[in-house]
Amino acid sequence: MMRPLVVAAALALVAGCAEPEPPTLQVRAVYLAPMYDGAAMRVDHEAIPDVMPAMEMPLSVTSPDLLADLAEGAIVQLTLDSASLRVIDIERLP
């Protein structure tokens with residue numbers, strides 16, 4: 001009978017040790033160009049409330065693969081790590 005309790009305790013311990021997802025920010029932008037062999041991208045983004053005004057700037061990306069198939073001038077929704085402001089996901093918008 002102790003076995004289910006041990007398994008439940010082990011699962012709870014593992015779940016408690018999992019790293020939480022970092023807080024993220026969402027921002028719409030126009031993709032302007034890749035930079036630094038795909039390590040960054042130049043964008044013209046909308047204001048990020050309580051973080052920064054709208055501006056044109058470079059943003060680093062977590063993977064050059066995020067920039068694959070993006071055409072210059074594409075309208076995108078960026079997911080940024082709120083601590084580093086690195087782009088962790090890009091969604092093309094119509």
* Asked: For Val43, what are the other residues in its hydrophobic cluster, where any two members join if their side-chain heavy atoms are less than 4.5 angstrom apart?
  -> Leu25, Val27, Tyr31, Met41, Ile48, Val51, Met52, Met55, Met57, Leu59, Val61, Leu66, Leu67, Leu70, Val76, Leu78, Leu80, Leu85, Val87, Ile90
* side chain to side chain donor-acceptor pair (under 3.5 Å): pairs with one or both residues in residues 69-78, sequence neighbours excluded -> Gln26-Gln77
* To do: Could you note down all residue pairs passing salt bridge (Lys or Arg N to Asp or Glu O under 4.0 Å) where residues 26-41 supplies at least one of them, sequence neighbours left out?
  => Arg28-Glu46
* Structure fact -> Residues passing the side-chain contact (heavy atoms from CB on, under 4.5 Å) test with Ser84, sequence neighbours excluded, are Asp81, Arg86
* Structure fact -> By side-chain contact (heavy atoms from CB on, under 4.5 Å), Met35 pairs with (sequence neighbours left out) Ala40, Arg42, Pro58
* Short side-chain to backbone donor-acceptor contact, Thr79 and Ile88, under 3.5 Å -> no
